[in-house]
Structure formats: structure tokens, C-alpha cells
Amino acid sequence: MAAITAALGHALLSPSQPPSPSASPRSPSAAATSAPAPLPPLHRELRATPGEADGVVPDGVTVFDDGIPAVAKLDANLLEALRRAARDGADDGVELSVNSGWRSPEYQNQLLRKAVARYGSEGEAARWVATAKTSPHVSGDAVDIGSADAAEWLSEHGAGYGLCQIYRNEPWHYELRTEAIDRGCPRMYADPTQDPRMRP
């Protein structure tokens, strides 16, 4: 059992990342005479590199891919509207792929940290990435659509399904607004900092 656990731990570590300090290499003589070396803290390693279980989306995912948590954990009504739109979009030669959907709080926090590093301040990062407490991605209420052609198609036809672009600076970000079916989508916010939901 210890050998299987050790092999699994080794396989889960990214090849580009060195083992953690607690995972010291074993000498041949130690291997023959002692218990297995301590395993690296896998939980910390996995949290540092979110995967599909956290909402990371591999290439080529569509709104019909129930095996991908980023799609499967979307709000059921949002997902139903997306699938209706996708079926109609296919008639126009457009495929609604998913660049991002549901995200775990850990993944959202990592995206926010990266945005702060990229844009230089929390204030500037907030124009693009919300906190885990306020993000509609974490609650499963938002989806980022690709490609650009699909996002453009949805901007023209989305209101008929209750799918609305929420932020002017994010033409890929859509949320469900069922009232839009009869009244059209509400006026967009310039960016997330203008959205009252984003305020703590």
C-alpha cells in the first residue's frame, strides 16, 4: 500500500516543479532497510495547481460536456439556456465552446492573485477578476464563451435565451437574465468594479 501511495504521489507532482523540501530522495541502502520516505504534502501541491476538479477547462469543451465540472456545476437554468442557444447556433455554423464556467474558490483566488501580479494592484485586477466571495463563476452563475465568433453570435441572439453580456470589457462573459427574453438585456456595466454585487 505504501508503495502505491508513493507512486501516486510521484505521478501527481508536476514535472516542472521540484519536489517539496519534505520529500527528500532516498539512498539505495535506505530503500532496502527503512520505511518509505515521507510523501510530499500533496494537498498543498494540488491546491497550487488547480485542475479540472477546480474548474479548469481543457481545450475543445462545449456546453454539452457534462463530464467537465466547469460545465456540469453551472446553474441548471443557465446550462439549459446555453444548450438551447448552442443548438440554434449550430444551425448558423457556430459552436458555443466554454472557456470558463464554474470555478472552485481556490481556483478563483489563484486567478485573482495572478491578476494582481499582472495588473499591478488589487484595484486594477478587480476590473477583470472578482474575489471568490463575489464571483458568479464560483456560484455557477456565469460562463465565459469562446470563440470570438461564438461570443459575437451570442451578443446578437443571447437575449432571446435570457443570456446577457454583463460587462462591456468582457464580451465573453454571460449570465442568465430571464427577463431579457421579453425586455432585452439590461445595460452593461463598464467592468466588474461597477457591479454592486462585486462590493464586499
Side-chain angles (χ1 to χ4, degrees), residues 50 52 54-65 68-86 88-89 92 94-119 122-181 183-200:
E52 282 186 28
D54 291 292
V56 174
V57 179
D59 291 339
V61 169
T62 74
V63 299
F64 299 104
D65 287 322
I68 304 296
V71 173
K73 292 186 177 184
L74 287 172
D75 171 78
N77 293 322
L78 171 60
L79 189 54
E80 180 185 343
L82 285 166
R83 288 176 173 175
R84 278 190 282 114
D88 291 345
D92 293 337
V94 173
E95 181 179 69
L96 296 187
S97 60
V98 176
N99 289 338
S100 191
W102 168 85
R103 300 172 188 154
S104 71
E106 294 83 5
Y107 183 29
Q108 187 68 30
N109 284 333
Q110 184 190 68
L111 292 174
L112 181 56
R113 287 191 301 272
K114 286 183 175 181
V116 170
R118 177 177 180 181
Y119 295 110
E122 290 182 7
E124 190 61 22
R127 294 185 61 235
W128 302 99
V129 182
T131 67
K133 288 183 178 179
T134 60
S135 173
H137 284 283
V138 173
S139 61
D141 294 319
V143 64
D144 293 346
I145 292 295
S147 63
D149 289 345
E152 184 178 343
W153 184 91
L154 206 52
S155 74
E156 293 175 21
H157 305 282
Y161 307 92
L163 298 169
C164 295
Q165 180 185 339
I166 304 301
Y167 307 118
R168 195 169 306 284
N169 70 328
E170 295 186 4
W172 53 82
H173 179 103
Y174 281 82
E175 298 179 26
L176 184 64
R177 299 288 183 270
T178 53
E179 66 277 7
I181 295 171
R183 292 184 274 167
C185 289
R187 187 172 62 86
M188 285 182 266
Y189 298 109
D191 62 54
T193 63
Q194 305 301 307
D195 186 343
R197 301 174 302 164
M198 299 300 114
R199 296 174 193 145

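Heads up: numbering here begins at 1 and tracks the sequence.
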K.L.:
Once rounded to the nearest 0.5 Å, what's the spacing between atom CG of Leu154 and atom CD of Gln165?
P.N.:
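It is 9.0 Å, given to the nearest 0.5 Å.
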K.L.:
Nearest heavy-atom pair of Leu112 and Ala125: which atoms, and what distance?
P.N.:
CD1-CB, 4.4 Å
K.L.:
For residues 183-191, which side-chain donor-acceptor pairs fall under 3.5 Å, sequence neighbours excluded?
P.N.:
| from | atom 1 | to | atom 2 | distance (Å) |
| --- | --- | --- | --- | --- |
| Asp191 | OD1 | Thr193 | N | 2.8 |
| Asp191 | OD1 | Thr193 | OG1 | 2.3 |
| Asp191 | OD2 | Arg127 | NE | 3.1 |

K.L.:
Do the side chain of Ser135 and the main chain of Ala132 share a donor and acceptor less than 3.5 angstrom apart?
P.N.:
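Judged by distance alone, no pair lies under 3.5 Å.
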K.L.:
Looking only at heavy atoms, which two atoms of Thr134 and Met198 are closest? And how far apart?
P.N.:
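Answer, listing the atom of Thr134 first, then Met198: O-CE, 3.2 Å.
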K.L.:
For Asp92, does the CG atom have more than 12 heavy-atom neighbours from other residues, nucleotides or ligands under 6.0 Å away?
P.N.:
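Yes - once you tally the heavy atoms of other residues, nucleotides and ligands closer than 6.0 Å, there are more than 12.
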K.L.:
Checking Ser97 side chain against Gly146 main chain: does a donor-acceptor pair fall under 3.5 Å?
P.N.:
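Here the side-chain-to-backbone pair exists.
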K.L.:
Closest heavy-atom contact between Asp65 and Gly60?
P.N.:
OD2-O, 4.0 Å
K.L.:
Tell me, do Val129 and Gln108 make a side-chain contact under 4.5 Å, heavy atoms counted?
P.N.:
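Yes, at least one pair of side-chain atoms sits under 4.5 Å.
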K.L.:
Mind checking side-chain hydrogen bond (donor to acceptor under 3.5 Å, both in side chains) for Ser155 and listing every partner two or more places apart, or none if nothing turns up?
P.N.:
none
K.L.:
Working to the nearest 0.5 Å, report the span between SG of Cys164 and NE2 of His173.
P.N.:
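Between atom SG of Cys164 and atom NE2 of His173 there are 11.0 Å.
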K.L.:
What verdict does the side-chain contact (heavy atoms from CB on, under 4.5 Å) test give for Thr62 and Val98, after you've listed the backbone C-alpha separation in whole Å, the side-chain angles of each residue and the deciding distance to 0.1 Å?
P.N.:
CA-CA 5 Å; Thr62 74; Val98 176; 5.8 Å; no
K.L.:
Provide the closest heavy-atom pair for Leu163 versus Tyr174 in the form atom of the first, atom of the second, distance.
P.N.:
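It is C-CD2, 3.9 Å.
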K.L.:
Yes or no on side-chain contact (heavy atoms from CB on, under 4.5 Å) for Val57 and Asn99, after CA distance, side-chain angles and deciding distance?
P.N.:
CA-CA 6 Å; Val57 179; Asn99 289 338; over 6 Å; no
K.L.:
Dump the intermediate steps for side-chain contact (heavy atoms from CB on, under 4.5 Å) on Ser104 and Trp102, then the final yes or no.
P.N.:
CA-CA 7 Å; Ser104 71; Trp102 168 85; 3.9 Å; yes
K.L.:
As an exercise, state the distance from OG1 of Thr131 to CD of Glu122, rounded to the nearest 0.5 Å.
P.N.:
10.5 Å
K.L.:
Atom CZ of Arg113 and atom CG of Leu111: how far apart are they, to the nearest 0.5 Å?
P.N.:
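If I round to the nearest 0.5 Å, the distance is 9.0 Å.
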K.L.:
At what distance, to the nearest 0.5 angstrom, does CD of Glu170 lie from CH2 of Trp128?
P.N.:
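Those atoms lie 6.5 Å apart.
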K.L.:
Go through Glu152 and Val94 one step at a time and tell me if the side-chain contact (heavy atoms from CB on, under 4.5 Å) criterion holds.
P.N.:
CA-CA 10 Å; Glu152 184 178 343; Val94 173; over 6 Å; no
K.L.:
Does any non-hydrogen side-chain atom of Asp144 lie less than 4.5 Å from one of His137?
P.N.:
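In short, these two side chains touch, coming nearer than 4.5 Å.
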K.L.:
Sequence neighbours left out, what passes side-chain hydrogen bond (donor to acceptor under 3.5 Å, both in side chains) with Tyr161? Give chain and number order.
P.N.:
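Partners of Tyr161 by the side-chain hydrogen bond (donor to acceptor under 3.5 Å, both in side chains) criterion, ordered by chain and then number, come out as Asp88.
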K.L.:
Please table the atom pairs, donor to acceptor, closer than 3.5 Å between any side-chain atom in residues 68-83 and protein atoms at least two apart or in another chain.
P.N.:
| from | atom 1 | to | atom 2 | distance (Å) |
| --- | --- | --- | --- | --- |
| Asp75 | OD2 | Asn77 | N | 3.0 |
| Asp75 | OD2 | Leu78 | N | 3.0 |
| Arg83 | NE | Val63 | O | 2.7 |
| Arg83 | NH2 | Val63 | O | 3.1 |
| Arg83 | NH2 | Asp66 | OD1 | 2.3 |

K.L.:
Residues two or more places apart in sequence or in another chain: which of them pass salt bridge (Lys or Arg N to Asp or Glu O under 4.0 Å) with Glu175?
P.N.:
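Once residues adjacent in sequence are excluded, the partners of Glu175 under the salt bridge (Lys or Arg N to Asp or Glu O under 4.0 Å) criterion are Arg177, Arg197.
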K.L.:
Just jot down the ring pair (Phe, Tyr, Trp, His ring centres under 6.0 Å) partners of Trp172, sequence neighbours excluded, or say none.
P.N.:
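With neighbours one apart ignored, the set is empty.
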